[in-house]
Amino acid sequence: MHFNEFRTILQPHLDYELDPESEQGRVIMHGENPMQVIAGPGSGKTETAVLRVLVLMFVMEINPKSIIMTTFTEKAAKNMRDRILTYAGFLFDQYPDLRHQINIYDLRIGTLHSLCADIMQEYRYTGYQNFRLMDEMEQYLFTMQHSNFVQDPERFFPIFEQFDYLFQGYDPISGLSGWRDHNYPPNQWQRTRAAILLFNRITEGVIDRNRMRQAGPAWDLLIEAYDQYHRQMALHQRCDFPTIQKIFLEFLNSHVGRRFIEGDPSEPEIHPGIAHVIVDEYQDTNPIQEAIYFALARGTHNLCVVGDDDQALYRFRGGTVECMVTFDHACRHYWGMRSTSRYLSVNYRSHPAIVNYCDEYIRSFPVMGIKGARVEGKPQLSAGSSITGTYPAVAFIRGRTIEDTAQNFARCVRYLLDNHIIENANQCALLMRSVKESPRNAGHFADALRDQGILPYNPRSRQFLEQEEIAAALGAFVSIIDRNLQGIGGVRGQQIRDNISHKVEEWIRAYDRAAATSPALRNYVDEARQAIQTKTQEMFQRRDRKTKIGVSMGDVYYHILAHEPFRGWQEDPERTYRLGQLSAIFEQYASIPYLDSPGSYRGDLRASRDRPAISFGWLKDFYNHLVGRLIASGMNDPEEEDIIAPPNRLPIMTVHQAKGLEFDFVFVYGLNRDVEVEEAIHLEDNFEPFRQTQSYIHMIQDQRAAQDIVRFYYVAYSRAKWALIQLVPDAHLRKRPPGFGIIGRNLQRFRMTHQL
DNA sequence: CTGGGTGCAGTTTTT
DNA sequence: CTGCACCCAG
């Protein structure tokens, strides 16, 4: 198909001109060799990437199977796939025969992790056979129980000292902040968290292990712990998120991988090779992902990366905007060639005043002018949307206290609705750092909205454990296995014991409330407890040296759910979803094998050898590992998959959640975020000397911390289409001289706008 | 408008 | 434990 036909078919479905001579057109029509597309907010970067893929398939007649397209999140990947299917549908409608020639479903599109898993599966790569990819919770439980870093703190003490900054934060379980007494190791939860951070860093940072080993005893020990953790994963056929990428990189360098990348002329249908690699959200790429992309495209050099260096938000995950800023450098390093740079700088999303505000905002910070902070030669944003009007498109709302500010905000939304400036509350969004409904965070805002008769939509408020059905299910479970809460006595640390028993008592009260309406539930719980009691008694009298009771956690849990009120609750999809999540967590815990006895799992209730009861050690581990983790983590409510916010609900979200989205009215709260050098920055610096690809950019920690904050607000501000309204309680202005530091400048800038 | 005392709550994000 | 939001006295 010629491009002109392609354009004629699609143009009626687009709200902009598809022009091959425009900057967008040049991206779409770009042929061979590496290209980076630097695209500002609202410039249609995903649309451009999608059209490029369509042109590759329909105009340039590239086999879909040889095109790889990836992005950062599942949601974004789904969005891209949907758009491609929609546009491809229009093209097929005009040329039905093409359906037989172009199989759109062959396109390799998804998050990098899902592609890694799929491709290695397809090629039956021996390094990744029957592995279970662990999610965050599983990795946590697995690491806690299988890593010597956690299990043998004496040996790895030097690492704790070396990375003491990983133990500085507040620990919700022990109620302590920081690692106070260096005569003792940090507690097991802190050690687990640190182990995961360090292990993930080593993998994601593409670390040269030999260089690290030679750097000193603590580094040598770290590699020892890392290797031991990886041996455990291999032994138990498990894999974590960074490691699947590491294995994939090994696959790409293997014989099979070569066939995948370069193709197999004897079977071109099955192994066409990789012709094009297109990566969206490239600014959040980490070194191992960069290595994967350059490996995938090594045959043709057709690597197209799309992103906005100013919207990099994922340093905590090892993401480094450096990958974007130094893309050209990387192309020279890997392939000895230069890349083409394209800039999409017309914003089609926002009112010109907002575009201006965002652009001036990011350029007003001297720290953003440092070499390496932004892509060189990046043009200013220009406004291209049809939104006009002389109303105050950038404004702020003040209040004496947080509560006042929240009420003024809710009144403003009410006003917008009453005067039909907006038709639906879901045209707005409230963006803030934490959406927990506590007084410092979203609490007052959610309440104020409700007072105005506007329901907030806040599925990520992490109120999992506070939900009646969850508390009741856990309470029933504990009532069966440990009615007197004896196992809690095995948890070390007074404060920790208190916190855990406080929570567990809450659950038991919730169970009591549920049982009050359901005698059958109470019957079951009492009988089950009795049965376990009898069974352990028998085993004890028989002097049975085995400890298997023959009952699993899952059995008990599902029997609980089979009774009222849980049965009735299962008609509510949200409650069902939450109970399902709890069962998944139980299942994850249950499936963790014991270190010493293969074939036996945590999920099997164990009897004590010394007393007629459930094993104290088993109960202790249950509280320590599962209950402790549940209390510390906080889980989110189910979210509607395709809907950002249901009708008549006002979404409250974090800036990260809002990334990639747009709203007519955006309210931003929490402009007083302070510059702090977080642990991700320390880790970056600590691991930098061992990276296989050395960094070209050297910025001091404070500069990187400041840039992160500027980018954070930039993402928030640039979500707004019609109006951007900042919410500022007086307390946030105190002790912050305008113009002083990042926050002061932030505050100075909003003061130049209108007060509502 | 400032400073000290009191009371309460305790990041966030992804695969 | 630390840090902030808020209150009230000056």
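Protein chains get the first letters and strands the later ones, always in sequence-line order, with residue 1 at the start of each. Quick note: numbers below take in every heavy atom, side chains included, and nothing from hydrogens, waters or symmetry partners.
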Tell me, please, whether A:Tyr713 has A:Arg673 positioned over its six-membered ring: NZ or CZ under 6.0 Å from the ring centre and within 45 degrees of its axis?
-> no
Near-ring test A:His682/A:Phe687, centroid separation under 6.0 angstrom = no
Could you measure between the two P atoms, the one in C:dC1 and the one in B:dT12, and give it in whole Å?
-> 23 Å
Of residues 703-711 of chain A, the positions that come close to DNA chain B - non-hydrogen atoms, cut-off under 4.0 Å | none
Heavy atoms from other residues, nucleotides or ligands near CD of A:Gln121 exceed 12 (cutoff 6.0 Å) = no
If you measure from the Lys or Arg side-chain nitrogens to the Asp or Glu carboxylate oxygens, is any gap between A:Glu122 and A:Arg108 under 4.0 Å?
-> yes
Is it true that A:Glu684 and A:Arg317 make a salt bridge, defined as a side-chain N closer than 4.0 Å to a carboxylate O?
-> no
If you look at every strand shown and take non-hydrogen atoms under 4.0 Å, does A:Ile244 touch a base, only sugar-phosphate, or nothing?
-> nothing
Has A:Arg578 got its NZ or CZ under 6.0 Å from the middle of the six-membered ring of A:Phe464, at an angle within 45 degrees of the ring axis?
-> no
Letter per nucleotide, 5' to 3', of nucleotides 9-15 of chain B [B base touched, S only sugar-phosphate touched, - untouched; heavy atoms, 4.0 Å] | -BBSBBB
Should the heavy atoms of other residues, nucleotides or ligands under 6.0 Å from CZ of A:Arg492 be counted, would the total exceed 12?
-> no
Distance, C1' atom - from C:dG3 to B:dT13, rounded to whole angstrom = 23 Å
